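Keep in mind that what you see is a predicted model, and the values were worked out from it rather than measured.
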Amino acid sequence: MPRVRRSSKHFWPMGGGILAASLLRERLVDEIEVAIQPILLGSGIPLFPDIGLQVDLQMLECKTYKNGIVGLKYLVKH
């Protein structure tokens, strides 16, 4: 999920890709954390639907867990 900063305050919004996409469009996101599950579904909801812009990211962290999940942490480049 995105990490958002306003007036040097941090909060972690929990609301899925639609909320994250709207915050990214407004350039309110500083960091994004994604957990990749080791399952292929074949279809589903896009991570950030209809974002409408390119967002450049810089990897900050990558962790692999024993259960196969990969945790990724990115800095949003403004």
Q. Can you get from L24 to V34 by hopping between Ile, Leu, Val, Met, Phe, Trp and Tyr side chains that sit under 4.5 Å apart?
A. yes
Q | Heavy-atom check, side chain of L57 versus side chain of K77, under 4.5 Å | A | no
(Q) Whether the side chain of H78 engages the backbone of L28 through a donor-acceptor N/O pair (distance < 3.5 Å, no angle test) should be reported. (A) no
Q) Taking the side chain as C-beta and beyond, is there a heavy-atom pair between I32 and F48 under 4.5 Å? A) yes
Q. Which atom names give the shortest non-hydrogen contact between V29 and E31, and what distance separates them?
A. CG1-O, 3.3 Å
Q: Considering non-hydrogen atoms only, spot the tightest contact between R25 and D50 and give its length.
A: NH1-O, 2.7 Å
Q: Show your working on side chain to side chain contact (heavy atoms under 4.5 Å, CB included) between V70 and K63 and close with a plain yes or no.
A: CA-CA 6 Å; V70 177; K63 291 183 181 179; over 6 Å; no
Q) Which value, rounded to the nearest 0.5 Å, describes the distance between I69 atom CD1 and Q37 atom CD? A) 4.0 Å
Q. In Å, rounded to the nearest 0.5 Å, how long is the span from CD1 of I18 to CD1 of I51?
A. 12.5 Å
Q: For N67, look at atom CG and say whether over 12 heavy atoms of other residues, nucleotides or ligands are found less than 6.0 Å away.
A: yes
Q.
Are Y65 and Y74 linked, directly or through intermediate hydrophobic residues, by side-chain heavy-atom contacts shorter than 4.5 Å (ILVMFWY only)?
A. no
Q) For the residue pair V55 and V76, what are the closest heavy atoms and their distance? A) CG1-CG1, 3.7 Å
Q | Atom CG of L60 with >12 non-hydrogen neighbours under 6.0 angstrom | A | yes
Q: Kindly give the heavy-atom pair with the smallest separation between P49 and A21, and that separation in Å.
A: O-CB, 3.5 Å
